[in-house]
2 protein chains.
Amino acid sequence: MHEIIDSHAILWNLDFMELLVPTLPETTQSNDTAASRFVDDYLLYQLASASHRLSSEFHAYVKSRGVKIYVWRVLACLVDQPGLMLTRLSALVLIEQSRLTKITDQMVGEGLVSKRADPTDRRKTMLYVTEKGAQTARPLIAQAKEHEEKSLRVLTAQERKSLKRVLKKLG
Amino acid sequence: MHEIIDSHAILWNLDFMELLVPTLPETTQSNDTAASRFVDDYLLYQLASASHRLSSEFHAYVKSRGVKIYVWRVLACLVDQPGLMLTRLSALVLIEQSRLTKITDQMVGEGLVSKRADPTDRRKTMLYVTEKGAQTARPLIAQAKEHEEKSLRVLTAQERKSLKRVLKKLG
DNA sequence: TTTAAAAATATTCTAAATCATGTAATCTTG
DNA sequence: CAAGATTACATGATTTAGAATATTTTTAAA
């Protein structure tokens, strides 16, 4: 539902370890028969659910490396866009501007990124991944690709192509 | 990225009003040329991004009706499953158990749902949407369907079918 | 059946996300 | 070029989410 929950919240995850969400035993009461819950065929729920499940998987890995999810997200988004200004990174990384300001400040303190005022417009903050940030990101990106590969195995080649094309249209 | 952000985060939204995320002006610096950001082709990012964008749209509507996002999510998930126990609702609605306990307590206070101990297992809490809850949910579900319909217009009939099938496989 | 283990939910504490607003720099336009 | 509007970012207060743990009830095993 989220993203529905996507909550925004929710970026990426990995199942090199077993699933986090154990299958629950059958419930005592209520219509398991009623095969038609509203949400089951609701696009926004399906998106949120898939996003949530897959991201949770990978997040377990990110956390196991001692990296905060939002740090991973920022690095993954920024690594290919040196000098990106804060507001644009905010839209890309799906994190609110005011929140991203705090996150990047913290990351500057940790030596993962650096900030520089844009000389042509001093309102703008240009962001750069530092060498340390790049070193942090590298193995995570490698694992992300591996996890993605695994996740896509349940789909046919056709389905994979179609999915990505469609998601680009929607996103 | 979220879901990457999926944020979690994020359930469902509606664009009966104009998009919330205004298109930003072109950035001064940096490689708009480099058409290959890692995240652009990363499944978990694409899922998070689509989920985030679409949900944000609909959330604007939910909020305009004075309904909290998590309340919407709970009602939407519970309305077809009377008597569902807390933990199972938690998995369905993509909200953590401890959080859901608080949310549902609050919703009981607002008369939107009711709780009843399962007579066969007093550990379990069975949840029910009240009439007031159903009345709250009804117009939101209608709008959700409308919004979904709108969202899917950018896709071909083929793509829609494929998308939902694939999302069910992934979610 | 007692005892240990597991399951379901509640509680507490902390972290993270959001909102509203503030400030400074730039842009617009008369 | 000066006044107001806009843009970019920062700050502070509040809400929401999450992790860890406690409590109660069932289940399983000895």
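Below, read A as the first sequence line, B as the second, and so on, with proteins coming before strands; counting in each chain starts at 1.
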Please state whether the phosphate of [N], meaning OP1 or OP2, lies under 4.0 angstrom from any side-chain nitrogen or oxygen of [X].
{"X": "A/Lys63", "N": "D/dA19", "result": "yes"}
{"X": "B/Thr87", "N": "C/dT9", "result": "yes"}
{"X": "B/Lys68", "N": "D/dT16", "result": "yes"}
{"X": "B/Arg122", "N": "D/dT25", "result": "yes"}
{"X": "B/Lys124", "N": "D/dT24", "result": "no"}

Listed nucleotide nearest any side-chain atom of [X], set [options]:
{"X": "A/Arg99", "options": "D/dT25, C/dA16, D/dA8", "result": "C/dA16"}
{"X": "B/Arg123", "options": "C/dC19, C/dA8, D/dA8", "result": "C/dA8"}
{"X": "A/Glu96", "options": "C/dA8, C/dT18, D/dA10", "result": "C/dT18"}

Would you mind reading off the distance between [X] atom [atom1] and [N] atom [atom2], rounded to a whole angstrom?
{"X": "B/Asp118", "N": "C/dA7", "atom1": "CG", "atom2": "P", "result": "17 Å"}
{"X": "B/Leu100", "N": "D/dA17", "atom1": "CG", "atom2": "C1'", "result": "12 Å"}
{"X": "A/Asp121", "N": "D/dT7", "atom1": "CG", "atom2": "P", "result": "12 Å"}
{"X": "B/Arg88", "N": "C/dA7", "atom1": "CZ", "atom2": "P", "result": "13 Å"}
{"X": "A/Leu94", "N": "C/dT18", "atom1": "CG", "atom2": "P", "result": "10 Å"}
{"X": "A/Met126", "N": "D/dA8", "atom1": "CE", "atom2": "C1'", "result": "14 Å"}
{"X": "B/Leu127", "N": "C/dA10", "atom1": "CG", "atom2": "P", "result": "9 Å"}
{"X": "B/Met85", "N": "D/dT26", "atom1": "CE", "atom2": "P", "result": "13 Å"}

[X], [atom1]: over 12 other non-hydrogen atoms inside 6.0 angstrom:
{"X": "A/Glu131", "atom1": "CD", "value": "yes"}
{"X": "A/Lys145", "atom1": "NZ", "value": "no"}
{"X": "B/Lys161", "atom1": "NZ", "value": "no"}

>> Nearest heavy atom decides the nucleotide; on that basis, is A/Ser98 or A/Tyr70 closer to the 5' end of DNA chain C?
In response: A/Tyr70

>> Ignoring hydrogens and geometry beyond distance, is the side chain of B/Gln97 in donor-acceptor contact with the base of C/dA10 at under 3.5 Å?
In response: yes

> For DNA chain C, what residues of residues 101-112 of chain A have any heavy atom nearer than 4.0 Å?
Replying inline: A/Lys102

Does the pair [X]/[Y] count as a salt bridge with the N-to-O cut at 4.0 Å?
{"X": "A/Asp40", "Y": "B/Lys168", "result": "no"}
{"X": "A/Glu96", "Y": "A/Lys102", "result": "no"}
{"X": "B/Arg153", "Y": "B/Glu149", "result": "yes"}

> What residues form a salt bridge (charged side-chain N to carboxylate O under 4.0 Å, His left out) with B/Arg165, not counting sequence neighbours?
Replying inline: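 Partners of B/Arg165 by the salt bridge (charged side-chain N to carboxylate O under 4.0 Å, His left out) criterion, ordered by chain and then number, come out as A/Glu159.
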
>> My understanding is that only residues two or more places apart in sequence, or in another chain, count here; which of them pass side chain to side chain donor-acceptor pair (under 3.5 Å) with B/Arg123?
In response: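 Scan of B/Arg123 (side chain to side chain donor-acceptor pair (under 3.5 Å), adjacent residues dropped) gives B/Asp121.
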
